[in-house]
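So that the names make sense, note that chain A is the first sequence line, chain B the second, and so on, each numbered from 1.
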Amino acid sequence: MINKRMKKLIFLTLFSALTLSSWKVSAQSKITYGLGVKGGMNLSRLIEKNANNKYLLSYLTGVSLEQLFSSRVSLSYALLYSRQGDITVFSNPGLFNRSRTRYNYLVLPIELRYRLKYYPFYITPGFQAGYLLYKRGDFLPKNGSTTYSLDQEEKIDVGLSLGLGCRFSKHFFGEAKYYQSIKTILKPFSAIDPVSGAIVHRTPPDVRNQTLSLSLSYYFLVR
Amino acid sequence: MKKSTSYLSLVILILVLTSSNCLANYYSITINGVQYYNGQTVYIDCTLSGEIAFRTDRTPIDNSNIPGARYWSTTGNYSVRSALGTPSGGGSEAFFYLQLSTDGSDGSINIQFWEGNTAITVYVTRKPTLTLNSTPTLCSSGQSGDHSATLNFSGPTQSNIKWQTTGGLTVNGSSSYTEYNNTNSQVSIQHNSFGTYSVWAEIPGCNNLQTSPITRYVGVPSGNDITFTRTGGSDPGFALCSGQTFNFQSSIALPASQYSYNWSIPQGSNSVSYFQSYGPNATVGTGSAGGGFVLQMNITNLACNTVGSTSRTFGIQNCGGYFRVAENPTSNTLLALFESTDDTKYLPHTLRLMHEKAGVVKEVKIRGKYSNEDAKTGLQVGMDVYTLPKDIYYLQGLYDDGQIQSVRVIVQ
């Protein structure tokens with residue numbers, strides 16, 4: 001049910017973006033483009049059932065393209081290298097008391113930027129797709145090597161975001177954004193029990209990415 | 001009404017206790033059909049080699065919802081690999097192979113699960129353990145009793161249990177005895193005087209892998225069996241330097257559950273400036289030169305209430321070698337004036353000047369630079385300090401026995 005609603009939202013976001021874009025272009029009105037760089041910090045964690053994972057502090061960086069339709073409405077596209085993950089503190093510490101997960105994603109966020117009428121702020125709802133480039137897990141404190149399967153996670157992570165932005169000048173745009181996956185990041189489980197020989201299937205645990213990011217974009221090409 | 005409330009409370013209490021117990025043991029791994037929870041040890045037959053399969057589980061077991069492992073690691077000479085392999089369809093891992101150690105060493109499997117803050121550690125051992133089942137108390141000389149041991153063991157049938165004695169004990173009339181091809185052994189141990197017996201198992205099928213030995217003391221030690229020696233420096237023998245502190249310790253660390261120590265100074269307590277004891281340790285401060293004292297260590301066998309003792313006699317002499325600082329405070333030279341001594345071995349081997357923050361700022365080697373004749377007349381060693389910043393320093397003499405004499409000095 002939730003997935004259907006999310007799909008509808010993604011569709012609406014993309015549809016609005018494309019409609020705005022095509023309408024403006026067809027109207028031959030003045031569309032201003034801004035190409036720039038974007039960087040910031042990420043506080044990320046995994047949302048899991050029965051777990052209260054701690055945030056991992058990391059960063060994101062990349063390029064951003066802004067398509068300004070008016071002084072109040074614009075669309076932003078970016079291609080970012082986003083470092084995410086979490087810290088899990090064990091409820092029963094033994095040889096190890098916590099673990100650290102690091103996921104490095106290549107993410108493509110698309111945001112609608114809409115300036116509030118009486119305030120200098122923008123609300124920025126958006127959609128984001130990410131491609132998992134790298135994964136690493138470590139038991140802490142480190143004692144030998146920690147192993148894990150690179151097959152557990154889906155390569156593609158999709159989700160929705162909502163942010164609050166501020167245009168400081170013609171070139172600078174700052175933003176605080178919340179992002180969450182709309183479905184589990186884990187693959188379905190299917191394997192043969194090596195002891196019993198039985199085939200075991202199961203739905204994957206519901207584990208989602210959650211990030212809180214603070215970023216600053218600098219648009220050096222504005223026309 | 002009251003009765004029903006009480007019953008309800010009892011049921012709730014039982015439910016709470018049961019559920020908390022279930023939560024505590026929620027996650028597990030299953031090896032050879034047995035679930036092992038956090039902190040438990042799995043014994044794996046030492047004759048096995050290669051890999052054995054295991055899977056992650058929880059209580060109650062639900063085959064349609066096996067908990068997946070997020071991360072895993074091992075310690076010791078063990079390794080774990082996922083049974084899924086590639087391509088597997090991926091998914092959260094639940095089936096593994098454990099690569100067994102080839103040297104019989106101990107290790108552990110550590111697994112963190114998805115959906116929770118839980119990680120479990122299950123210890124793995126290839127060594128069976130031996131337990132002593134019967135240990136009758138033997139107090140009087142000539143007394144004997146039957147002792148038995150069992151190997152906690154689920155492996156090959158071939159195992160030998162070995163017994164060995166020291167001192168005045170015998171096992172089945174000898175100093176050693178071996179029970180072949182058995183996991184139980186019963187022997188007769190005879191107590192003639194203080195001694196020990198040890199028992200361990202040996203598995204021929206695993207390159208004579210031995211279990212950790214169990215050793216027990218019997219009787220009470222006397223001066224022939226036990227003594228005490230100095231700790232924190234070489235043993236001084238008979239002669240102790242005056243004005244110093246010496247730590248002594250029992251030569252055998254007898255178990256506190258079986259024995260107690262009692263230290264005393266039966267003679268010459270006037271020559272002792274400080275005396276304190278705790279268990280097998282005693283500290284004695286020596287008084288003036290020319291005196292002497294006897295230090296005695298009594299040991300009580302708590303089960304038999306029998307006492308054994310050993311003692312040493314010490315004389316006190318003036319070793320000298322200590323220094324005082326002339327011209328303190330000073331701005332040019334620190335002068336260390338040493339007490340006269342017969343031998344340079346009583347002098348510090350090094351004099352060093354320490355600053356609280358800067359550490360060692362100057363150092364002078366004493367050993368080898370002066371003769372015994374110089375030491376007899378009383379040495380004077382100077383150290384230039386006029387280049388140093390004005391502050392508080394510590395002039396330290398480092399002695400062979402590890403002692404450090406420290407004098408606070410002011411450079412102005």
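- A distance of 8.0 Å separates OG1 of B/T121 from CG of A/N92, quoted to the nearest 0.5 Å.
- Remark: the backbone N or O of B/N117 is paired with a side-chain donor or acceptor of A/S91 at under 3.5 angstrom.
- For the residue pair A/R100 and B/Y71, the shortest heavy atom distance occurs at O-OH, 4.1 Å.
- Within a 6.0 Å sphere centred on OH of A/Y81, heavy atoms belonging to other residues, nucleotides or ligands number more than 12.
- Looking at A/T146, both its backbone and its side chain come within 4.5 Å of chain B, counting heavy atoms on both sides.
- Neither the backbone nor the side chain of A/K54 comes within contact range of chain B; no heavy atoms are under 4.5 Å apart.
- Once rounded to the nearest 0.5 Å, the distance linking CG of A/L95 with CD1 of B/I109 reads 12.0 Å.
- Each of A/D138, A/D86, A/I47, A/N97 has some count of heavy-atom pairs under 4.5 Å with chain B, and the biggest count is that of A/D86.
- Using a 4.5 Å cut-off between heavy atoms, A/F139 touches chain B through its side chain atoms alone.
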- Message: If you apply the rule side chain to side chain contact (heavy atoms under 4.5 Å, CB included), what do you find for B/R70 with A/T101, and how did you get there?
- Response: CA-CA 10 Å; B/R70 186 167 170 181; A/T101 298; 2.8 Å; yes
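- The number of heavy atoms from other shown groups lying within 6.0 Å of OH (A/Y114) does not exceed 12.
- With a 4.5 angstrom heavy-atom cutoff, A/L46 touches chain B only via side-chain atoms.
- Between chain A and the residues B/A53, B/G116, B/S79, B/G39, the largest count of heavy-atom pairs under 4.5 Å involves B/G116.
- For the set B/T118, B/N32, B/I120, B/I52, the entry with the most heavy-atom pairs within less than 4.5 Å of chain A is B/T118.
- The choice from A/N50, A/V207, A/T147 that makes the most heavy-atom pairs within less than 4.5 Å of chain B is A/T147.
- Heavy atoms closer than 4.5 Å to chain A are found in the side chain of B/T75, but not in its backbone.
- One distance of note links CH2 of B/W114 with OG1 of A/T88; it measures 8.0 Å at 0.5 Å rounding.
- Heavy-atom distances place the backbone of A/D206, and not its side chain, under 4.5 Å from chain B.
- At a 4.5 Å heavy-atom cutoff, the contact between B/S108 and chain A is made by side-chain atoms alone.
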